[in-house]
Amino acid sequence: MEQRLLHIYNLMYEKAGPKNWWPADTSFEVAVGAILTQFVSWKNVVTAIDNLKAQQLLSVEGICEADDERLEELIRSTRFYKQKVRKLKSFCMLLREKYGSCPDRFFEQEMYALREELLKLYGIGEETADCIILYAAEKPIFVVDAYTRRIFNRLGFFEENIRYREMQEFFMGNLPHDTRLFNEFHAQIDGIGGHYCFSKKPDCMECPLGVLCKFKKSNRATAPVRQDAQATVKRK
DNA sequence: GCCCAGGGGGCTC
DNA sequence: GAGCCCCATGGG
């Protein structure tokens with residue numbers, strides 16, 4: 001199984017190249033981005049992060065001290081902004097009260113202790129917690145998401161309604177626990193989800209995983225077949 | 001105008 | 001624990 005997963009990883013990596021996640025200047029910025037990106041495209045998050053930076057508010061103290069209304073205005077582009085202000089504040093209050101406003105002291109603790117503490121916070125569920133652990137604290141936990149579910153369901157690995165925990169155990173049970181691998185693997189899955197594996201009308205012809213995909217095969221009868229793809233089939 | 005996107009909380013049964 | 005609704009912007 002490990003070899004199958006690494007083969008999938010290599011197909012994605014060869015097509016897209018390194019993703020170099022997560023785009024941020026500091027670990028704290030990664031964590032803020034992880035909260036803001038909940039159910040919204042990354043472009044909207046960049047706007048909000050830039051706004052916070054421009055107002056010198058992208059810090060533990062900055063967020064703790066700022067008025068809710070002011071923060072709401074700055075992160076409006078990320079949807080559900082009232083809830084997200086509450087989420088950011090709950091995270092930053094923890095860092096201030098328990099870690100002396102020093103994010104690195106928080107991130108340096110043991111991975112599962114960190115996870116437990118994150119999950120107690122308002123607005124941080126499993127996926128956001130794991131994003132923070134992998135991309136901010138740089139510890140080897142495997143992040144799964146809606147794209148992972150869809151892609152690996154279509155590849156034939158998962159049932160469509162598989163739970164988060166089960167998906168995560170699958171990857172962590174079958175891959176070496178390596179932060180760099182987990183970082184790049186999730187980033188590549190995200191790339192496939194965003195570029196090819198749409199819920200409706202996926203672009204199976206261009207997808208680097210098409211050669212392995214059961215969904216593509218079952219979809220072939222209804223999907224428009226391109227000329228060059230037809231030619232490839234005939235040659236065989 | 002309409003659809004949908006990298007989640008999580010809270011409620012009900 | 002599963003199922004449902006709520007939150008409420010921006011781009012195609």
Side-chain angles (χ1 to χ4, degrees), chain A residues 8-9 12-13 16 18-24 29-52 68-94 114-137 141-155 158-169 171 182-203 206-207 209:
Chain A
I8 288 168
Y9 171 76
M12 295 189 292
Y13 189 91
K19 295 283 188 177
N20 298 316
W21 271 21
W22 182 294
E29 186 180 326
V30 173
V32 169
I35 292 170
L36 294 181
T37 197
Q38 291 172 358
F39 227 71
V40 68
S41 62
W42 182 250
K43 194 182 280 185
N44 296 30
V45 178
V46 172
T47 306
I49 298 260
D50 287 347
N51 287 343
L52 290 170
D68 287 5
E69 293 74 19
R70 187 168 179 212
L71 290 175
E72 284 169 13
E73 201 50 46
L74 297 173
I75 69 162
R76 179 178 288 271
S77 61
T78 66
R79 281 179 95 186
F80 319 127
Y81 54 85
K82 293 192 178 194
Q83 289 187 346
K84 284 178 179 175
V85 164
R86 210 181 135 198
K87 295 176 185 187
L88 289 179
K89 287 216 167 187
S90 118
F91 176 60
C92 290
M93 293 298 266
L94 172 76
L114 186 58
R115 193 173 199 271
E116 198 175 329
E117 199 159 19
L118 283 165
L119 289 176
K120 284 181 191 160
L121 291 172
Y122 172 79
I124 300 199
E126 291 190 290
E127 184 185 333
T128 307
D130 291 336
C131 271
I132 292 172
I133 294 166
L134 179 61
Y135 293 105
I141 204 155
F142 200 96
V143 178
V144 296
D145 61 0
Y147 286 161
T148 315
R149 177 178 288 107
R150 181 190 304 153
I151 292 165
F152 281 80
N153 167 254
R154 287 176 172 175
L155 287 173
F158 295 158
E159 295 293 321
E160 205 160 1
N161 59 353
I162 185 173
R163 285 210 281 269
Y164 187 98
R165 182 63 57 90
E166 295 174 275
M167 277 195 286
Q168 186 175 56
E169 282 171 358
F171 287 101
F182 284 0
N183 176 321
E184 193 62 39
F185 208 135
H186 175 72
Q188 291 293 340
I189 288 172
D190 179 76
I192 297 293
H195 287 102
Y196 310 103
C197 200
F198 309 117
S199 56
K200 298 176 182 175
K201 296 188 181 177
D203 188 3
E206 294 296 327
C207 179
L209 302 183

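Just the heavy atoms: all of them, side chains too, but no hydrogens, waters or symmetry mates, feed the values below. Each chain gets a letter, A, B and so on, in the order the sequences are listed, and its residues count up from 1.
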TODO: Would you mind telling me which residue lines up with the more 5' stretch of DNA chain B, A:Gly193 or A:Gly123, judged by nearest nucleotide?
DONE: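 The residue closer to the strand's 5' end, by nearest nucleotide, is A:Gly193.
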TODO: Return the 5'-most residue of the pair A:Glu126, A:Arg150 with respect to DNA chain B, ranking by each residue's nearest nucleotide.
DONE: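 So the residue in question is A:Arg150.
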Phosphate OP1/OP2 of [N]: any [X] side-chain N/O under 4.0 Å:
X: A:Arg163; N: C:dA2; value: yes
X: A:Arg76; N: C:dT9; value: yes
X: A:Ser199; N: B:dA5; value: yes
X: A:Thr128; N: B:dG8; value: yes

TODO: Go through the steps for A:Asp145 and A:Thr148 under the test side-chain hydrogen bond (donor to acceptor under 3.5 Å, both in side chains), then give the verdict.
DONE: CA-CA 5 Å; A:Asp145 61 0; A:Thr148 315; 2.6 Å; yes
Heavy atoms under 4.0 Å, any strand shown: does [X] hit a base, just sugar-phosphate, or nothing?
X: A:Lys82; answer: sugar-phosphate
X: A:Thr47; answer: nothing
X: A:Ile124; answer: sugar-phosphate
X: A:Arg149; answer: nothing
X: A:Leu121; answer: sugar-phosphate

- [ ] Determine, step by step, whether A:Glu72 and A:Lys84 satisfy the salt bridge (charged side-chain N to carboxylate O under 4.0 Å, His left out) criterion, reporting the C-alpha distance in whole Å, the side-chain angles of both residues, the deciding distance to 0.1 Å, and the verdict.
- [x] CA-CA 8 Å; A:Glu72 284 169 13; A:Lys84 284 178 179 175; over 6 Å; no
In terms of ring plane angle, is the pair [X] and [Y] parallel, tilted or perpendicular, where the classes change at 30° and 60°?
X: A:Phe142; Y: A:Phe171; value: parallel
X: A:Phe158; Y: A:Phe152; value: tilted
X: A:Trp21; Y: A:His186; value: perpendicular

What integer distance in Å separates [X]:[atom1] from [N]:[atom2]?
X: A:Gln38; N: C:dG10; atom1: CD; atom2: P; value: 18 Å
X: A:Phe80; N: B:dG10; atom1: CZ; atom2: P; value: 15 Å
X: A:Tyr164; N: C:dA2; atom1: OH; atom2: P; value: 17 Å
X: A:Arg165; N: C:dA2; atom1: CZ; atom2: P; value: 13 Å
X: A:Lys89; N: B:dG8; atom1: NZ; atom2: C1'; value: 20 Å
X: A:Lys200; N: B:dC2; atom1: NZ; atom2: P; value: 15 Å
X: A:Lys87; N: C:dC7; atom1: NZ; atom2: C1'; value: 9 Å
X: A:Glu159; N: C:dA2; atom1: CD; atom2: C1'; value: 16 Å

For the side chain of [X], starting at C-beta, report the closest nucleotide among [options].
X: A:Glu127; options: C:dG1, B:dG7, B:dC4; result: B:dG7
X: A:Tyr81; options: B:dG10, C:dA8, B:dG7; result: C:dA8
X: A:Gln83; options: B:dG9, C:dA8, B:dG7; result: B:dG7
X: A:Arg86; options: C:dG1, B:dG10, C:dG12; result: B:dG10
X: A:Tyr122; options: C:dG1, B:dG10, C:dA8; result: B:dG10

Open item on the list: With nearest nucleotide decided by heavy atoms, which residue, A:Asn44 or A:Phe39, maps closer to the 5′ end of DNA chain C?
Closed with: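 With A:Asn44 and A:Phe39 compared, the 5'-side residue is A:Phe39.
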Open item on the list: If I pick the P atom on C:dC5 and the same atom on B:dC4, what distance separates them, to the nearest angstrom?
Closed with: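 Taking atom P in both B:dC4 and C:dC5, they lie 16 Å apart.
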TODO: Look through every strand shown and name the nucleotide pairing with C:dG11 as Watson-Crick or G-U wobble, where both distances are under 3.5 Å.
DONE: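 C:dG11 is paired, partner B:dC3.
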Task: Pair A:Asn44, A:Thr47: side-chain N/O donor-acceptor within cut-off below 3.5 Å - done: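 No - no donor-acceptor pair under 3.5 Å links their side chains.
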- [ ] Check the pair A:Glu73, A:Arg76 against salt bridge (charged side-chain N to carboxylate O under 4.0 Å, His left out), reporting the backbone distance first and the verdict last.
- [x] CA-CA 5 Å; A:Glu73 201 50 46; A:Arg76 179 178 288 271; 3.3 Å; yes
